[in-house]
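Down below is the structure, laid out as structure tokens.
In what follows, chains are A, B, ... by sequence order, proteins preceding strands, each numbered from 1.
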There are 2 protein chains.
Amino acid sequence: MVSGEVARVEGVAGRPQGSVRGAATRALILETAMASFRDQGYDRTTMRGIAQQAGVSVGNAYHYFGSKEELVQEFYAAIQDGHRRRAAQVLSRRDFTDRLRGVLHAGIDEMAPYHSFAGSFVKVAISPSSPSSPFSSESAAARAAAVGLFRDVVDGSDKRPGPLAQELPELLWLAYLGITLFWVYDTSPNQARTRRLVDSTARLASRLVSLSRLPGTRALTDDVRALLADLRHPEAQAAGLTGRPAR
Amino acid sequence: MVSGEVARVEGVAGRPQGSVRGAATRALILETAMASFRDQGYDRTTMRGIAQQAGVSVGNAYHYFGSKEELVQEFYAAIQDGHRRRAAQVLSRRDFTDRLRGVLHAGIDEMAPYHSFAGSFVKVAISPSSPSSPFSSESAAARAAAVGLFRDVVDGSDKRPGPLAQELPELLWLAYLGITLFWVYDTSPNQARTRRLVDSTARLASRLVSLSRLPGTRALTDDVRALLADLRHPEAQAAGLTGRPAR
DNA sequence: CCGCAAAGTTGAACGTGTTCAACTTTGCGG
DNA sequence: CCGCAAAGTTGAACACGTTCAACTTTGCGG
């Protein structure tokens, strides 16, 4: 670091370009919030409580985090990092189903301690206006990383992806989102049902990929590609379709 | 109505077993809330505002509706009713793809006026603790009705559903949920992208059903059935799977 | 060492959803 | 017609997330 220059540290969204002093306070608030989220859940965690426990004023907390939701976003980012770290340990095997299973389980493992908090979590993440939504432009980087993780699952495996090679990672990511949603609702002991669902999903996905390589499924894979294109590109337009008037 | 007996009217959850007097107040509050939701959206609609415009006190509104979210649930139920009504008009054709397309479009048509309100809508519906969640036990009846709607799509069509006959309606309902979620995020003019997605989905679904009737897809359909069973039955246990310890 | 702009920090105040003890109205039993 | 219990109704009060004008601290230029 250049002498005479104030140390700069950036957070997830890089809100205030804080100095080292500010960064320390920021970290303290964040730590306190995380602990409170984990111990008391989202609703019982109050901004006043966080501020008091961190030994700062309420307004100061808002200097570093624009809202309570922004604190949740940090949570979200931390979990995604953890998922990637865990997944790396699992990607040594070659078998496609094993790799997929492993990465999916890794995600559930990472989230497990926060299951009681998941309800509020998903509530924040699902809001279209929220930057932490998995589909928002703000989380484009995180989304790309997550899709990249599933690209690794495919690329490092012994499975030839066939005609859906390009879109397979995205499809797997979508499946992972669905599983995550299921996990949020899963009240079975230790979320055992989600574990079962992961296994079913991995098996089914593997079989579907194999199927897609068979001749005679060209029309089908084309449809899948078209559907995914609709999901993906905001600007894409299908020929001759102008949208249907709302009655 | 028997003379001398207080008229009883029940709402969606049948909260207070109101008399005619209460029912009138209840309806007035509900109407005011609906109008406010439609005109100003969820966030800018305040309980004080509703009460004032309806000419009642805040506390009185809470006598009929336990929370602001409960008002949204009424909204939700009304839309489902409308969907069924619109769908009935579309189920005269025989072609499977047409029927599915029609029912899916009918749902979007019904929701269209409330798109700006959809973000808060889904936020309420997604919360696992919320009774209006599509997966909650409280909405079991509504869920059954919705699945039944897609059963009608299948049953009245010229398509032979094949080995997935039993679970097809549920699968289509899940697809509809996904499309609804997409619609919430869809900011394209008139939600044209969702219209395109509906068409893609109907085409793909039709082809998948045809495919499932082909020989050699038995293992696949078995996997699909297993996955759906995992999704459905809270108590089901797969042989030999005890769930994986969370690290 | 001084001045000063930027960063950090404060706590009162606002509007919100929600609760509740108290009050009023209703309508049936006697 | 008179209680009287149930239903309906009120508005003040509470805790919360959030805002903001004012104040304090920091650290560089001179």
Exercise. For the rings on B:H115 and B:Y185, is their centre-to-centre separation under 6.0 Å?
Worked result: no

For this session: May I have the distance from B:Q52 (atom CD) to D:dT9 (atom P), rounded to whole angstrom?
Result: 17 Å

Exercise. OP1, OP2 of D:dT9 versus side-chain N and O of B:Y64: anything below 4.0 Å?
Worked result: yes

For this session: Can you tell me the distance, in whole Å, between the CG atom of A:L28 and the C1' atom of C:dG8?
Result: 14 Å

For this session: Identify which nucleotide among D:dG8, D:dC16, D:dT10 has an atom closest to any side-chain atom of B:V56, counting heavy atoms from C-beta outward.
Result: D:dT10

Exercise. Okay, side chain of A:R143, backbone of A:S136: is any donor-acceptor separation there less than 3.5 Å?
Worked result: yes

Problem set entry | Short side-chain N/O contact from B:H63 to OP1 or OP2 of D:dT9, under 4.0 Å | no

For this session: Go through C:dT16, D:dT9, C:dT9 for me and flag the one nearest to the B:T25 side chain.
Result: D:dT9

Exercise. Across all strands shown, which nucleotide pairs with C:dT26 by Watson-Crick or G-U wobble geometry, both distances under 3.5 Å?
Worked result: D:dA5

Problem set entry | Lys/Arg-Asp/Glu bridge criterion (N-O < 4.0 Å) met for A:R193, B:D230 | no

Problem set entry | Lys/Arg-Asp/Glu bridge criterion (N-O < 4.0 Å) met for B:R26, B:E74 | yes

Problem set entry | Residue whose closest nucleotide on DNA chain D lies nearer the 5' end, A:Y42 versus B:G55 | B:G55

Protein-nucleotides 18-20 of chain D N/O pairs under 3.5 Å:
residue	atom	partner	partner atom	Å
D:dT18	OP2	A:Y62	OH	2.7
D:dT18	OP2	A:K68	N	2.8
D:dT18	O5'	A:Y62	OH	3.3

If you look only at distance, which donor and acceptor atoms sit under 3.5 Å apart when one is on a side chain in residues 117-128 of chain B and the other is two or more places apart or in another chain?
residue	atom	partner	partner atom	Å
B:S127	OG	B:S129	OG	3.2

Problem set entry | Contacts of A:K68 that satisfy side chain to side chain contact (heavy atoms under 4.5 Å, CB included) - sequence neighbours left out | A:F37, A:Y42, A:M47

Problem set entry | Base paired to C:dG11 (Watson-Crick or G-U; both N/O distances under 3.5 angstrom) | D:dC20

Exercise. What is the distance, rounded to the nearest whole Å, between atom CD of B:E70 and atom P of C:dT18?
Worked result: 10 Å

